[in-house]
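Whatever order the structure lists ligands and atoms in, that order sets their numbers, starting from 1.
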Amino acid sequence: MRLDQYLARAVPCSRADAKKILRAGRVQLGGTVCRDAGAFVAQGDAVAMDGVLLTVQEHVYIMLDKPAGVVSASRDGRDVTVVDLVSRAYPRRSLFPAGRLDKDSTGFVLVTDDGILAHRLLAPRRHVPKTYRVRLDCPVTAVMAAGFAAGVTLADGQRLAPALLRAGPAPCEAEVVLTQGVYHQIKRMFGTFGAGVAELRRVAIGGLQLDEGLGPGGFRELGPGEVARMLGEGQ
Ligand code: URA
């Protein structure tokens, strides 16, 4: 990474301000003053400003409690996106949602700038479970639970992987655990039983529960242990 880019991330500040800081001779690279914005910072190089060692976090992982009415996209000409909700706090990151919730669904969306982690989270062969709380327009039945466990065949003939359906706590409520991500999957699965989904909320990704204290639109950064829990590692 270029030194001005490193500074912009570590301080954080704009690239223009980083260049000013460099010109003022406030930055040391590897122990000597460096004024060159284009100097290359290699892994493990010590960068200090005003004698204080700087660090750069390569990627950010943000747990967002998506409110209803917000779309799971980076940018949208019409609707507010999950990235719009967090981007003011991360002006120099290229953020995107790792996975999608429908516009009317709520709950846990991971917003990140780490494409490799997003791929690991979403790759079908990794089977990272996603847990949802659902309220139906009718009671949950044992037939539905057995159908989910056997693997639902959607109206278009697509055969889905087995999923867990746990009824309760109220008669029309359930918890659903999916290991794949097909468009409108839960709504379509219940649709095959003639049931409509009135409310859908994602409450966990992998082994990491949504922090219910965040509230609609609330977000916070995840620590390394939480990222590992999400991926089902180190449990
Ligand atoms: N399944 C759906 O139908 N919608 C979602 O938002 C997530 C899973």
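- Polar contact with ligand 1: absent for L200 (N/O pair, distance under 3.5 Å).
- Residues L64 and L210 fall into different hydrophobic clusters, defined by Ile, Leu, Val, Met, Phe, Trp and Tyr side chains chained together at heavy-atom separations under 4.5 Å.
- Contact of the K187 side chain with the D104 side chain is registered, since non-hydrogen atoms from C-beta on lie closer than 4.5 Å.
- Between S105 and ligand 1, an N or O atom pair is found at a separation short of 3.5 Å.
- Side-chain atoms of E221 and Y90 include a donor-acceptor pair closer than 3.5 Å.
- Side chain of S72 to main chain of L101: a donor-acceptor pair is present (N/O by atom type, distance under 3.5 Å, no hydrogens or angles).
- The shortest N or O to N or O distance between Y132 and ligand 1 is not below 3.5 Å.
- In this structure, L222 and L208 have side chains that are in contact, with non-hydrogen atoms separated by less than 4.5 Å.
- The nearest heavy-atom contact from the protein to atom 1 (N) of ligand 1 is I186 N, 3.1 Å.
- The N/O atoms of D102, backbone and side chain alike, include one that comes under 3.5 Å of an N/O atom in ligand 1.
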